[in-house]
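Counting starts at 1 for both ligands and their atoms, following the listed order.
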Amino acid sequence: MQSPINLWGKRLVLGVTGSIAAYKAVGLLRVLAREGAAVSVIMTQAATKFVTPLTFEVLSGRRVATDLFESHEEMAHLALSEQAHAIIVAPATANFMAKAALGLAGDLLSTMLLNARCPVIVAPAMDGDMWTHPTVVQHVQALRARGVVVLDPEVGPLASGQIAQGRLPAESRILDAVHASLISQRDWQGQRVLVSAGPTQEPIDPVRFISNRSSGKMGYAIAEAARDRGAEVILVTGPSALTPPPRVTTVPVNTASEMSDALNRHFPTATILIMAAAVADFRPKMTAGQKLKKQGKPELVLELEATPDILAMLSARRTSQIVIGFAAETEQVLSHAKDKLRGKGLDLIIANDVSRAGGGFGSDDNAVVILSASGEQKVLGLMPKRRLADEILTAVQELCLFPPRRESFVE
Ligand code: CTP
């Protein structure tokens with residue numbers, strides 16, 4: 001099966017209803033999680049007769065909700081449908097599809113569907129005679145007319161012993177449908193995102209420079225994630241071993257001063273600036289025209305001068321742009337990050353403990369805390385940088401572009 005996109009950063013809800021095929025949802029959950037999706041499982045009461053919630057809980061790493069009225073937490077689960085990128089119901093029984101078609105909301109899963117505005121994919125499993133029953137046919141038609149993707153079940157031996165059309169569609173077909181629904185989700189379309197990445201190199205002489213350990217991975221991941229979500233992306237990058245991402249306008253630079261020029265050029269037409277570059281704070285006051293010779297000198301003193309603070313400068317010049325910075329810290333991470341948020345006049349700052357094992361410079365993974373100018377805080381635990389990039393974009397949307405809806409959705 002071809003995977004046109006992976007599922008990093010995608011929030012999915014997997015609804016499991018009471019069919020003998022419920023055990024197959026366990027395999028589906030594993031595949032979705034392996035592709036990087038954050039999957040929350042909702043089970044109907046009937047589904048729990050076939051597979052225990054604990055199985056899904058262990059594999060998803062999240063509590064499984066089953067009952068609309070069990071506790072406040074279930075209410076919180078309802079919010080999942082507002083935030084989900086897609087809802088998948090697999091297996092879906094005839095009973096579930098009838099409720100969904102009629103808009104009944106007697107259980108958590110059906111209620112969630114009424115609340116959902118994201119793509120919904122339904123993978124039915126039932127007896128062959130049920131699938132062809134006029135009532136079921138009518139409900140499937142009603143759901144499809146509403147834009148729900150109802151997959152056709154497959155032909156084969158069924159639990160009843162019949163050979164008929166009623167088997168849960170193969171995992172690969174469900175996954176294809178998920179990918180297809182997400183690929184059309186270009187929620188950053190219309191944004192012109194300016195991203196900086198990598199280190200800068202400040203020359204001492206033609207062969208030596210001052211730089212830092214930044215690999216560019218975080219900034220490149222953000223550029224790719226924004227591109228995949230429909231944004232037009234300009235990536236201004238310091239020297240990096242990474243391949244320039246396709247379909248992103250990449251502007252390579254070396255020094256802080258070149259980075260400043262490139263960003264200044266593109267900033268006026270950008271809607272969002274994400275400054276992930278590790279800009280050198282100091283550069284040699286003089287760059288030697290020829291290679292410095294040691295000539296038996298016991299020491300060499302380099303005189304350094306401060307580079308311009310590009311982020312603070314652009315933030316001061318902004319018209320309507322959203323301006324986001326990173327804070328690379330090794331101690332007192334949050335308090336230093338807050339100072340930078342205020343000091344540079346940012347909308348958001350992404351605080352990064354670069355001394356933490358498993359994250360930071362050069363690593364494929366990272367963990368950050370996002371702080372907003374309005375005092376909100378979002379902790380994103382250790383995860384691959386590509387997935388983190390998507391989570392960061394989602395946080396930017398939630399905190400800056402479309403602040404969260406706060407009304408209650410269940411009376
Ligand atoms: N930054 C910048 N220009 C500089 C230095 C930093 O635009 N000359 C940006 C970085 O890209 C980052 C943010 O400012 O988005 C914070 O960078 P960081 O290195 O964490 O902090 P500094 O402001 O350089 O302060 P310090 O080195 O004292 O921690």
Side-chain angles (χ1 to χ4, degrees), residues 193-203 209-223 226 234-240 251-267 270 272-285 304-318 321-356 359-363 366-373 380 385 388-389 392-393 395-396 399-400:
V193 184
L194 184 55
V195 183
S196 73
T200 64
Q201 291 179 351
E202 309 302 328
F209 54 79
I210 295 176
S211 191
N212 58 63
R213 296 182 190 283
S214 168
S215 63
K217 283 180 185 167
M218 194 65 247
Y220 277 57
I222 289 173
I234 298 153
L235 173 66
V236 176
T237 173
S240 163
V251 184
V253 295
N254 283 305
T255 63
S257 161
E258 288 170 15
M259 183 168 277
S260 176
D261 289 348
L263 290 170
N264 265 295
R265 226 175 19 253
H266 291 285
F267 187 65
I272 301 179
L273 167 69
I274 305 180
M275 191 76 193
V279 185
D281 287 322
F282 293 95
R283 64 186 165 210
K285 221 168 175 177
L304 303 180
E305 65 179 8
T307 56
D309 190 319
I310 307 171
L311 185 56
M313 230 166 50
L314 292 175
S315 168
R317 268 188 49 202
R318 70 163 103 183
Q321 292 88 343
I322 290 169
V323 177
I324 298 165
F326 271 72
E329 309 294 347
T330 55
E331 37 107 37
Q332 298 178 56
V333 177
L334 292 187
S335 102
H336 285 324
K338 276 182 197 155
D339 290 345
K340 286 176 189 171
L341 177 72
R342 271 193 297 270
K344 301 188 192 221
L346 310 177
D347 295 294
L348 287 187
I349 195 147
I350 299 158
N352 191 2
D353 182 349
V354 288
S355 65
R356 183 190 161 132
F361 288 147
S363 156
N366 206 4
V368 299
V369 178
I370 302 180
L371 305 170
S372 78
L380 297 173
K385 284 182 174 168
L388 188 63
I392 289 171
L393 295 189
V396 172
L399 299 172
C400 302

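At the top of the distance list for atom 12 (C) of ligand 1, counting protein heavy atoms only, stands Phe326 O, 3.0 Å. With respect to atom 10 (C) of ligand 1, the closest heavy atom belonging to the protein is Ala277 O, 3.5 Å.
Between Met218 and Val368, every side-chain heavy-atom pair lies at or beyond the 4.5 Å cut-off. At a threshold of 4.5 Å between non-hydrogen side-chain atoms, the residues Leu273 and Phe267 count as touching. Contact of the Lys340 side chain with the Glu329 side chain is registered, since non-hydrogen atoms from C-beta on lie closer than 4.5 Å. Using a 4.5 Å cut-off on side-chain heavy atoms (C-beta onward), Thr200 and Val253 make no contact. The shortest side-chain heavy-atom distance between Arg283 and Thr255 does not fall under the 4.5 Å cut-off. The shortest side-chain heavy-atom distance between Phe326 and Ile274 falls under the 4.5 Å cut-off. The shortest distance between side-chain heavy atoms of Met313 and Asn264 falls below 4.5 Å.
For atom 29 (O) of ligand 1, the nearest non-hydrogen atom from the set Glu329, His336, Lys344, Lys340 belongs to Lys340. With atom 5 (C) of ligand 1 as the reference point, the heavy atom nearest to it among Thr200, Thr330, Asp339, Asp281 is part of Asp281. For atom 9 (C) of ligand 1, the nearest non-hydrogen atom from the set Leu273, Asn212, Leu311 comes from Leu311.
There is a protein heavy atom closer than 4.0 angstrom to atom 17 (O) of ligand 1. There is a protein heavy atom less than 4.0 angstrom from atom 3 (N) of ligand 1.
Residue-to-ligand polar distances keep Val279 apart from ligand 1: every N/O pair is separated by 3.5 Å or more.
Residue contacts with ligand 1: Ala256 is excluded, as none of its non-hydrogen atoms falls under 4.0 Å. In this structure, Pro308 has a heavy atom closer than 4.0 Å to ligand 1.
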